[in-house]
Amino acid sequence: MKRQLRNLQTFFPFIRPAKFGAYNAAARYLGLRIQSEFRVLASSMAGGVAVDIGGNWGQSILAFKRMARPSKIISFEPNQILANRLKHAFRKDDNVEIQACALAHKRGNFTLFVPHYRNYIYDGLASLDEGEARNWLNPRRMMGFDPDKLRLAEQTVPVETLDSFDLAPDFVKIDVQGVGLAVVKGGMETFRRNKPISIIERPGRELVALLDSMGLKAYRFHKGRLDTAWNRAFNCVFLTDKHRMEMGL
């Protein structure tokens, strides 16, 4: 069914903003459409600082506000169109700050690759890694997939390191289409110093080992419980033993 829907939606590009508008309203007002891993944060102490790396359409900002209740959210979004939308959406919220840049292991200007299929923009699949941006859409994920209809738009975006912002986050979310390791390498001091509760999409073994060396262990949140099968999770939750004890997990 998902393969069919992905193909169908490419004929109707107006569906995407309408869909995320509805999802965000459900998250904001009803606590619905929130990824299950964010529900772990409901057991944490209220307040603190949340860092949202990969702001997209604002889903994680609203999930943080609903579940972790931080006093400040800093969201990083390199796609200028999405960053401008986020700034507009949260313009009256003094607790939300939008940074229109990417994060990686070093500073500079890099190319952001944004997949387009027919007239549909898959901005959520945008990546600094061209292969990651190009290869997610394929015959396994879309019925009737035609590679000739896929193109990558390119944006030159500023890239900073997390450490350069000198933040003290209590929570971090990373969803950056395959470059999560680079983000963490650019924020080693931030992670060592603060050991934030972290939610990271599809981390590889090198990233898991790196965070484990700093006391942040990888877990899967499954059926309301944590287990160590992190490699079977789409989003992994990283916690210290102290986090688990304080949160009763």
Side-chain angles (χ1 to χ4, degrees), residues 19-77 82 85-86 89-90 93 95-99 103 123-125 162 167-178 180 183-184 187 190-191 194-203 207-208 211 216-249:
K19 178 177 76 172
F20 278 102
Y23 286 177
N24 285 354
R28 185 189 295 270
Y29 300 113
L30 301 173
L32 304 176
R33 301 296 310 187
I34 292 175
Q35 290 179 322
S36 63
E37 291 78 15
F38 279 91
R39 300 188 184 278
V40 172
L41 307 183
S43 302
S44 64
M45 298 279 291
V49 174
V51 173
D52 173 35
I53 304 172
N56 203 248
W57 287 73
Q59 311 97 299
S60 297
I61 294 174
L62 294 172
F64 272 130
K65 291 177 77 68
R66 185 85 184 193
M67 294 297 156
R69 308 171 304 285
S71 56
K72 184 74 174 182
I73 301 173
I74 302 100
S75 183
F76 293 86
E77 175 50 57
L82 291 181
R85 282 180 172 163
L86 291 175
F90 295 97
D93 192 333
N95 295 330
V96 176
E97 175 185 329
I98 308 300
Q99 291 286 343
L103 295 180
D123 39 48
L125 301 178
L162 179 58
L167 300 174
D170 299 276
F171 313 101
V172 170
K173 182 227 77 179
I174 303 176
D175 181 353
V176 288
Q177 294 301 310
V183 170
V184 174
T190 301
F191 277 90
N194 301 287
K195 294 180 171 48
I197 299 170
S198 301
I199 299 172
I200 303 179
E201 182 190 52
R202 295 186 301 163
L207 176 50
V208 169
L211 290 176
L216 285 160
K217 299 177 182 178
Y219 297 96
R220 175 180 68 158
F221 187 63
H222 183 61
K223 296 182 179 180
R225 298 179 64 86
L226 290 172
D227 63 44
T228 57
W230 63 266
N231 57 328
R232 297 172 62 184
F234 186 75
N235 292 310
C236 290
V237 181
F238 290 81
L239 302 166
T240 64
D241 292 338
K242 183 178 179 182
H243 290 145
R244 293 198 66 180
M245 182 178 66
E246 292 175 347
M247 297 163 70
L249 297 172

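Excluded from the calculations below are hydrogen atoms, water molecules and symmetry mates; all remaining heavy atoms, backbone and side chain alike, are included.
What you find for I197 and S44 is that their closest heavy atoms are CD1-CB, 4.3 Å. When every heavy atom of S43 is checked against every heavy atom of L249, the shortest pair comes out as OG-CD2, 4.2 Å. Nearest heavy atom pair, residue G48 against residue D170, reads CA-OD2, 3.0 Å. In terms of heavy atoms, P203 sits closest to F238 at CG-CZ, 4.0 Å. Pairing each heavy atom of L82 with each of D123, the nearest pair is CD1-CB, 3.6 Å. Closest approach of P169 to T190, counting heavy atoms only: CD-CG2, 3.6 Å.
The environment of K217 atom NZ is sparse: at most 12 non-hydrogen atoms of other residues, nucleotides or ligands sit within 6.0 angstrom.
By the 4.5 Å heavy-atom criterion applied to side chains, V172 and F191 are counted as neighbours. Taking 4.5 Å as the limit, every side-chain heavy atom of I200 sits out of range of all side-chain heavy atoms of V183. Residues P70 and V49 form no side-chain contact, since every pair of their non-hydrogen atoms from C-beta on lies 4.5 Å or further apart. For the pair L62 and F90, the minimum side-chain heavy-atom distance is below 4.5 Å. Using a 4.5 Å heavy-atom cutoff, the side chains of S60 and D175 are not in contact.
The CE atom of M247 sits 6.0 Å away from atom CG of L41, with the distance rounded to the nearest 0.5 Å. Summarising the geometry, atom CZ belonging to F171 is positioned 10.5 Å from atom OG belonging to S198; distances are rounded to the nearest 0.5 Å. The structure places CG of D93 at 3.5 Å from NZ of K65, a figure rounded to the nearest 0.5 Å. Taken from CZ in R66 to CD1 in I34, the straight-line distance is 6.5 Å, to the nearest 0.5 Å. In this structure, CD1 in I174 is found 11.5 Å from CG in N235, a value given to the nearest 0.5 Å. Between E201 atom CD and C236 atom SG the span is 10.0 Å, to the nearest 0.5 Å.
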Practice item. Decide side chain to side chain contact (heavy atoms under 4.5 Å, CB included) for I199 and F221; before the verdict, give the C-alpha distance in whole Å, the side-chain angles of both, and the deciding distance to 0.1 Å. Key: CA-CA 10 Å; I199 299 172; F221 187 63; over 6 Å; no
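For the residue pair K195/T240, the side-chain donor-acceptor check at 3.5 Å is not satisfied.
E77 contributes a side-chain N or O that, together with a main-chain N or O of G55, makes up a donor-acceptor pair within less than 3.5 Å. Between the side chain of K173 and the backbone N or O of A50, no donor-acceptor pair lies under 3.5 Å. D227 places a side-chain N or O within 3.5 Å of a backbone atom of A229 that can act as its donor or acceptor partner.
Tested against I61, the residues N56, D52, I74 include a single side-chain contact (heavy atoms from CB on, under 4.5 Å) partner, D52.
Classified by interplanar angle (parallel below 30°, tilted 30° to 60°, perpendicular above 60°), the ring pair F64/F38 is perpendicular.
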